[in-house]
Amino acid sequence: MARNYFIAGNWKMHKTRAEAASLSLELVAALKNGKHKYLVAPSFTSLETVFAVIKGSNIILGAQNCAAEEQGAHTGEVSVLQLKDVGVQTIILGHSERRHIYKEDDELINRKVRLALKHGFDVILCVGELLEEREAGKAEAVCKRQTVEGLKDVGAADISRITIAYEPVWAIGTGKTATPEDADAIHAYIRKVISELYGADAAGKIIIQYGGSVKPDNVAALMAKENIDGALVGGAALKAETFVPIAKF
Ligand code: PGA
């Protein structure tokens, strides 16, 4: 089944507004005739600045997280209402750094997913196993749990607004990439999980990105795999010279 590739840059906790604006400007120019779907997710502080640059282009604005509550006494959190106000269209949720450094569990991530969908956002739901889980033969079980729990009470009408990003934790920021074959096997498995939850049609259509040390020299081999439909890129998304070749693979 033909699915459009979706290449997303997660800038994590990098860049001042000026730096973010200048990278955005380069990307708008370089990707203007790009064939795929594109997204950049800057820090909250740069969202408005980046939106001013990419508005009207073929690059979507993403946020890296949101609060699980709409608004209220939640010091240090950022709400979906505020994200909507600055032009965000898509929210990345359940990133491994949120899960493992900030101890977000499946229940919290699921509440965020449902709140984001309720407010009309698209969601990139990240899943992926730790090295010890892979070595213990639990990679599939972990990805299944994170997918099923993350999508709990998400109705069939909303599944088209979900992208899954498979990001094996041991491959993130380490320079170690899953082999295309290993990644494809997990992607196929996640697609099967989606099929059990939402049926074959939804499973055939859902975009499953790979993330974890995607670089210009490994992107083509990964994207050539049947079940890999895009990339969530961290380190290599911080410079046009590395992100553009990935985005235009
Ligand atoms: P990386 O990060 O490309 O630097 O490995 C990927 C991610 O965390 O989304």
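Numbering of ligands and ligand atoms starts at 1, following listing order. Start at 1 with the first residue, then count along the sequence.
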Distance to 0.1 Å, residue and atom name: give those for the protein heavy atom nearest to atom 9 (O) of ligand 1.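 For this ligand atom, the closest protein heavy atom is E167 OE2, 2.6 Å.
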
Among A231, G234, S96, closest by any non-hydrogen atom to atom 1 (P) of ligand 1: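 Heavy atom nearest to atom 1 (P) of ligand 1 belongs to G234.
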
Return yes when S213 approaches ligand 1 closer than 4.0 angstrom through a heavy atom, no otherwise.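 It does; at least one heavy atom falls under 4.0 Å.
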
Run the contact test for A236 against ligand 1 with a 4.0 Å cut-off on heavy atoms, strictly below, and give the result.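 In this structure, A236 fails to qualify as a contact of ligand 1 - no heavy atom is under 4.0 Å.
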
Identify, by atom number and element, the atoms of ligand 1 in contact range of [X], meaning under 4.0 Å from any of its heavy atoms.
| X | answer |
| --- | --- |
| G212 | 5 (O) |
| G173 | 1 (P), 4 (O), 5 (O) |
| A171 | 5 (O) |

Closest non-hydrogen atom pair between [X] and [Y], with its separation:
| X | Y | value |
| --- | --- | --- |
| D184 | E226 | OD1-N, 3.7 Å |
| K32 | N58 | O-ND2, 3.7 Å |
| Y210 | P168 | CE1-CD, 3.7 Å |

If you measure from NZ on K12 to CD on Q64, what distance do you get to the nearest 0.5 Å?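 Output value for this atom pair is 8.5 Å.
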
Out of curiosity, K138 NZ to E132 CD, how far, rounded to the nearest 0.5 Å?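 Answer rounded to 0.5 Å: 9.0 Å.
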
Answer yes or no: does an N/O atom from [X] fall short of 3.5 Å to an N/O atom of ligand 1?
| X | result |
| --- | --- |
| I172 | no |
| H95 | yes |
| G235 | yes |

Is a side-chain N or O of Y5 found less than 3.5 angstrom from the main chain of I7, in a donor-acceptor match?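 Checking the backbone N and O of I7 against the side chain of Y5, no donor-acceptor pair under 3.5 Å is found.
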
Please check: side-chain N/O of D229 versus main-chain N/O of I208, any donor-acceptor pairing under 3.5 Å?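 Yes: the side chain of D229 pairs with the backbone of I208.
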
